Every structure is written in C-alpha cells, then in structure tokens.
K.L.:
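Please find one structure pasted underneath; my questions will follow.
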Amino acid sequence: MIKSRLDINQCGHGLRLGSAEITRVQDYHGPGFKSTFMFPDFKPEMWQEQQDWLIPRFYDPAEDRIQTSIHSWLVRTDRHTILIDSCIGNHKHRPINPRFDMRNEPWIERLAAAGASPEDIDFVMCTHLHSDHVGWNTRLENGKWVPTFPNAKYIFTRSEFERWDERRPDHVPRESEAFVFADSVLPVAEAGQMILVEDGYTVDDLLTVESAPGHTPGHVKIRLKTAGHQAMFCGDVIHHPIQLPYPEVWSVFDDDPVKAFQTRLGVLQDCANNGIMLLPTHFADPFVCLVKPNPSRPQPSFLPSWHL
Ligand SMILES: [Zn+2]
C-alpha cells in the first residue's frame, strides 16, 4: 500500500474525498481481451519492462489476456447521489461479445450493498455511450426496456448522443455497438429523463463534465473538485495501466487514435502535475491510482501510485 498526499480515508461505504463519498459498484472483474487484439501497436517488450508491477495483477502473459474491470462509480455529495457510467447491464443482446451477451448479474444487489437503491439515484452521468457504460441505464420490465433509475436525470453530451442516434440519416453504425442505442439510450430519452449537455456542465458545483474526445467523438471526463482535492473519472480515456508508461498505446475501440492519445496525455499530465486521483472504469483491482512521472523514459510517461 502506498500512501498518497491526498487525504483519502476509508469511510462507511467507500472513499471520502472532501465532501464526497465515492464507492465502486462492480459488474465484471476478470480476464479481458487478448492484448494483441485490444492494443494493435502493442509490443511484448512493454509488458516485460513493466512486469514487476503489471504481472500478474493486470496482465496474464501465459494467456496474453489483460485483466480488466467494468464498474460504476457511485458519488454521494451533501445533496445528491450520482452514478458515473452504468456498465454492461442484464439481458442485453450483444452477439458480438459473449462476455456482454444476455447476462444475469446481481449488480442491483451490489448497488444496494454500496448503500443505494435505484430510486436513490438523482443523476446518471455517462462518460460516453458504448455498451459497457450504458447497460444499467435500462432494465427489462414486461418485455420493455425502461429506465433503471426512475428518479434520475441522465446526463449525456449532445455530440455523443448524436453520434449514436441511429434515427439520424447520417448515422454510421458500428458492429460492436449494435442494439445499444435502442435498448440502453433511447428509452431514457423517450421517458423524458435525458439532459443533453455541453462541455463545462456542472452537478452540485462539484462534478464538471469536460470534453475528452478520441475514444468517441463526444467522450467526456468528469472532474470532481472538493475541499482542495481533485479526482478524475476518466472513462475510456485510459483503458489499462499499461497506458500509463506507454500513453501512445491506443485501443482498438478508439474512434480516433491520434486524438485519443492527445487526450490521454493531457489527462495524465494534469493528474501528475496536480495530484489528481485517477478513477478509470476498467482498471483491475486496486482500481484507482495517483500518477507520477516515469523517470525511465524520455517521452511523457507515467507510473501509478496505488491507494488500496
Ligand atoms: Zn469501456
């Protein structure tokens, strides 16, 4: 365990950062894609050079499988309960990915264990609208997809919503996202629970939506500022810890790899320079870290300091 200069204490259900309590709600944790599929530019030397901290926690070299997590972040402020990203969901038809297809997982029970019911959620904030970030937006009720969180406003960026709106004449489908808009996004809009926002939208003066394009055109990072502390919910700006020492490693799911790299580098520099806690969606246990410069590479490169 590495102590950080952030004053983060274990509290009732998670971590306390200033006036916010942060809890993780798990939907999947285990082997993910093969690294050679997930990261097309990846070279085996990269694992080897970082193996003292990457193996076996984050990578299984025998199987060439990355270890991954898919989780939501539950943020409680003095005024509201906010869910950031909503994972894969249950009963979703995802023929392209067996890990996501027709699941039946006790995610709602895990949310309850974190201290919240679906009725308690005031805001759902999605970093982007890929299948593993919107799944629990809806659930199946009498054969119909309905919002899982009946009292919540769902916050999406306008550009991201428009990218995936398959009703638009200029819509470009993506095979990995088939059915996602129809079963996990559109029902929220039709229920009148969606708010489309722009860069800079703020919840409770604590959580700010900031543009972070590249993985998808309307992808955002969400910055938490409280009592002198900062945390960054970075979604898929960074998929895996290997992208700390090698920010140039891009994901096969990045829509625009060059822009994604620029965004990733900016986030990592921001975190390193300002002591910001990084809370990605897909880092395996221990899930969160601080970022420090990596002295062993001349180009911008980083190493993690783990909290948990
Ligand atoms: Zn993702």
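Since we're looking at a predicted model, the values are computed, not measured. Atoms within a ligand are numbered from 1 in the order they appear, just like the ligands themselves.
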K.L.:
Look up atom OG in S19 and atom CG in D205, then write down how far apart they are to the nearest 0.5 Å.
P.N.:
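Result: 10.0 Å between the selected atoms.
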
K.L.:
Identify the two heavy atoms, one from V124 and one from A152, that lie closest to each other, and give their separation to 0.1 Å.
P.N.:
CG2-CB, 4.1 Å

K.L.:
Where the Zn ion (ligand 1) is the corner point, what angle links NE2 of H282 with OD2 of D132, to 10°?
P.N.:
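That angle is 80°.
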
K.L.:
Of all N, O or S atoms in H133, which has the smallest distance to the Zn ion (ligand 1)?
P.N.:
NE2

K.L.:
Can you give me the closest heavy-atom contact between A116 and I121, atom names plus distance?
P.N.:
CB-CD1, 4.4 Å

K.L.:
Using only N, O or S atoms, tell me which atom of D236 is closest to the Zn ion (ligand 1).
P.N.:
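The Zn ion (ligand 1) is closest to the D236 atom OD2, counting only N, O or S.
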
K.L.:
Looking at D132 and R94, is there a salt bridge between them, counting it only when a charged N and a carboxylate O are closer than 4.0 Å?
P.N.:
no

